[in-house]
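Here's the structure, in structure tokens; my notes come after.
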Amino acid sequence: MDTWATWTTQGIIAGAGGARTAEVGVITGDLTVHTMWADREARVTVQYTGASDWYTLQGSPVPADDEAAGREIHQRAVRAVQAGGGAELGPPR
């Protein structure tokens with residue numbers, strides 16, 4: 001792994017229906033979204049803001065050829081969590 005980047009957005013209030021995780025199902029409330037881009041993929045995790053446990057956002061990892069694509073995936077994940085509805089990562093809209 002030669003190149004990598006990370007982005008973290010705290011204090012996101014999940015929309016009704018929260019965010020769907022691979023490990024524990026749906027989580028709701030005040031969440032933090034963290035994305036790490038490396039090896040041509042973006043890995044997106046979420047946590048309750050201030051907690052220590054991180055959970056994989058359903059649909060992660062996502063292919064991302066470059067850092068700009070990784071950043072866009074992070075922003076997409078943030079918007080999805082804000083929208084709620086059991087937010088998952090899917091193809092770009």
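Nothing fancy with the numbering, it's 1 onward along the sequence.
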Practice task
Evaluate whether atom CZ of R79 has more than 12 neighbouring non-hydrogen atoms of other residues, nucleotides or ligands under 6.0 angstrom away.
Solution key: yes

Practice task
Heavy atoms only: give me the nearest A77-L57 pair and the separation to one decimal.
Solution key: CB-CD2, 4.0 Å

Problem - Identified side chain to side chain donor-acceptor pair (under 3.5 Å) partner of H74 from the options T6, T8, T35 - result: T35

Practice task
Heavy atoms only: give me the nearest A80-E88 pair and the separation to one decimal.
Solution key: CB-O, 4.3 Å

Problem - Derivation and outcome, ring-ring contact (aromatic ring centres under 6.0 Å, His included), residues W7 and H34 - result: CA-CA 6 Å; W7 303 275; H34 176 79; 8.8 Å; no

Practice task
For residues G70 and A42, report the shortest heavy-atom separation together with the two atoms involved.
Solution key: CA-CB, 4.4 Å

Exercise for the section: Kindly check if the number of other-residue, nucleotide or ligand heavy atoms within 6.0 Å of CD (E23) is above 12? Expected result: yes

Completion exercise
The reported gap from OG1 in T9 to CD in Q82 (rounded to nearest 0.5 angstrom) is 8.5 Å

Practice task
Please say which of V46, V26, T56 ends up in a side-chain contact (heavy atoms from CB on, under 4.5 Å) with T21.
Solution key: V46

Problem - Test side chain to side chain contact (heavy atoms under 4.5 Å, CB included) applied to Y48 and D53, step by step - result: CA-CA 8 Å; Y48 292 104; D53 294 327; over 6 Å; no

Exercise for the section: Can you measure from CD1 (I73) to CG (L89) and round to the nearest 0.5 angstrom? Expected result: 7.5 Å

Practice task
Output yes when a side-chain donor or acceptor of T49 lies under 3.5 Å from a complementary backbone atom of L31, and no otherwise.
Solution key: yes

Fill in the blank from the handout: Note: G59 and V62 closest approach over all heavy atoms is O-CG2, 3.6 Å

Problem - N/O donor-acceptor pair under 3.5 Å between W37 side chain and R71 backbone - result: no

Handout entry: Side-chain donor/acceptor of S60 to backbone N/O of V44, under 3.5 Å
Key = yes

Practice task
Quick one: do Y55 and I27 satisfy side chain to side chain contact (heavy atoms under 4.5 Å, CB included)? Show the steps, please.
Solution key: CA-CA 9 Å; Y55 306 106; I27 62 174; 4.2 Å; yes

Exercise for the section: Look up atom CG in D30 and atom CD in Q47, then write down how far apart they are to the nearest 0.5 Å. Expected result: 10.0 Å

